[in-house]
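Just so it is clear, the structure is predicted and the values come from calculations on it, not from any experiment.
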Amino acid sequence: MEKEDEKNRKRKIKNLISGQMLLFEFRSIMGNPYVHIFGMGMPVMMVIVICRVAASQIPDEAMLAEAITAIFLGIGTLIPMATVLVGYGVARARDLERGIPLRMELFGIRTGVTLCNNALAELVYMLIAFGIYFAVGFGVLGVEQPQIRGIISYLGCILALSAIMFCLAYAISSFLKKFGSTYCVTMFLYFGLMIFGGMMGITYDNMPEGMRVIAQLLPITYINRDFYMVWKGDSYNFVPMLQSFLFWGAGTGILLFIALKKTSRKRHGVEL
């Protein structure tokens, strides 16, 4: 009986720590201005401005609805890019500068628990951001209603992209360990992905051959260029998009593996 009570007590303490950690991580995200500016404000502002410009240039209502929906789907990828890649990356680099992860480990909070709560907090914030973004899209811009398969496919791609961005941000911040350096690299990637993904005024069809080669390796390119077909339930060849996800996932996985090995060696060196 006493052993069972002890197990229950430990389980409650563990859950309490996780709950407190999740709230702490979410408050940390809410206090990060870069997330609000680039992860929520910029996508909403861009989609409204670009769609207004499209409305002034496309007189046909059916073509306009298609253009607005395609723009909406493409710009939605900015939310995980900014929230996770830039926001989480710079926040973790700032914490590494202050030695917060090491202190948490000394207090018995394992790295796995921290990462799990990091990911959950980022997911909660993204759900809020996408809720606002979809409210603007359907309520203000007149985005077309999706097919069930289309919305499931879109959310699946966004989650996969978010997972890659999370691992990439973790790896970059682990290598650089400095707020300024991490901010510079992640913002460079953020705008680079926007340019090669076709969201900065140069569409894929208008890119030079060299840029197209790079663009074909980016999942964002396919979401921005082709996802309207999936959204409406039309047949679509997912193979090139899946290949781009696999390419980015493999590259990010290698970087993450090296970063974890490097961190592990340093931790063991400190312990010794």
Side-chain angles (χ1 to χ4, degrees), residues 7-40 78-133 155-179 182-183 185-186 189-190 248-249 252-253 255-264 266-268 270-271:
K7 288 181 180 179
N8 291 331
R9 188 181 67 84
K10 289 182 178 180
R11 190 181 299 114
K12 288 180 181 179
I13 292 173
K14 183 178 179 181
N15 292 336
L16 179 62
I17 291 174
S18 298
Q20 290 176 339
M21 283 285 294
L22 180 58
L23 183 60
F24 170 78
E25 295 297 341
F26 186 73
R27 286 177 175 174
S28 178
I29 294 173
M30 294 300 293
N32 188 345
Y34 302 100
V35 171
H36 304 309
I37 294 171
F38 295 103
M40 190 178 294
L78 295 182
I79 295 176
M81 285 164 53
T83 302
V84 182
L85 177 61
V86 180
Y88 174 66
V90 299
R92 185 169 184 276
R94 180 189 59 203
D95 290 345
L96 287 171
E97 277 190 320
R98 298 173 179 175
I100 292 177
L102 180 59
R103 295 176 189 173
M104 294 177 73
E105 288 186 25
L106 293 175
F107 279 103
I109 301 175
R110 293 172 293 137
T111 303
V113 174
T114 303
L115 282 176
C116 181
N117 285 281
N118 287 153
L120 288 174
E122 295 290 341
L123 178 60
V124 171
Y125 184 84
M126 276 209 309
L127 289 174
I128 296 172
F130 269 105
I132 296 172
Y133 186 71
L155 294 178
C157 288
I158 291 296
L159 285 175
L161 181 64
S162 302
I164 293 173
M165 294 293 107
F166 184 85
C167 295
L168 184 59
Y170 184 93
I172 292 172
S173 59
S174 296
F175 278 118
L176 300 177
K177 298 187 186 319
K178 298 291 184 181
F179 174 86
T182 303
Y183 178 71
V185 171
T186 53
L189 286 173
Y190 176 80
W248 270 85
T252 301
L255 288 176
L256 181 62
F257 177 79
I258 296 172
L260 290 173
K261 282 292 185 181
K262 181 180 178 182
T263 303
S264 179
K266 285 192 174 182
R267 186 183 295 115
H268 291 157
V270 171
E271 290 176 355

*Asks:* Considering all heavy atoms of both residues, which atom of Met81 and which atom of Tyr190 are nearest to each other, and what is their separation?
*Replies:* CE-O, 3.5 Å

*Asks:* Once side chain to side chain contact (heavy atoms under 4.5 Å, CB included) is applied, do any residues pair with Ser162, and if so which ones, sequence neighbours excluded?
*Replies:* Pro80, Met126, Ile158

*Asks:* Roughly how far apart are Leu255 CG and Ser174 OG, rounded to 0.5 Å?
*Replies:* 10.5 Å

*Asks:* What heavy-atom pair brings Ala93 and Ser173 nearest, and what distance separates the two atoms?
*Replies:* N-CB, 4.0 Å

*Asks:* Are Asn118 and Phe166 packed together at the side-chain level, in the sense that at least one heavy-atom pair is separated by less than 4.5 angstrom?
*Replies:* yes

*Asks:* Considering all heavy atoms of both residues, which atom of Ala129 and which atom of Ile79 are nearest to each other, and what is their separation?
*Replies:* CB-CG2, 3.8 Å

*Asks:* For the residue pair Ile164 and Gly249, what are the closest heavy atoms and their distance?
*Replies:* CD1-N, 4.0 Å

*Asks:* To the nearest 0.5 Å, what is the distance between CD1 on Ile128 and CD1 on Ile132?
*Replies:* 7.5 Å

*Asks:* In Å, rounded to the nearest 0.5 Å, how long is the span from CZ of Phe175 to CG of Leu96?
*Replies:* 12.5 Å

*Asks:* Indicate the ring-plane relationship of Phe179 and Tyr183, choosing parallel, tilted or perpendicular according to the 30° and 60° boundaries.
*Replies:* parallel

*Asks:* Distance check, rounded to the nearest 0.5 Å: Arg92 atom CZ versus Lys177 atom NZ?
*Replies:* 7.0 Å

*Asks:* Working to the nearest 0.5 Å, report the span between OH of Tyr133 and CG of Leu78.
*Replies:* 7.5 Å

*Asks:* For Tyr88 and Tyr170, take the angle between the two ring planes, folded into 0 to 90°, and tell me which bin it lands in: parallel under 30, tilted 30 to 60, perpendicular over 60.
*Replies:* parallel

*Asks:* Of the non-hydrogen atoms in Leu168 and Thr252, which two are nearest, and what is the gap between them?
*Replies:* N-CG2, 3.4 Å

*Asks:* Looking at every heavy atom in both Thr186 and Leu85, which two are closest together, and how far apart are they?
*Replies:* CG2-O, 3.5 Å

*Asks:* Nearest 0.5 Å, please: how far is CG in Leu127 from CD in Glu122?
*Replies:* 11.5 Å

*Asks:* Listed by chain and number, what are the side chain to side chain contact (heavy atoms under 4.5 Å, CB included) partners of Arg98, not counting sequence neighbours?
*Replies:* Arg94, Ile100

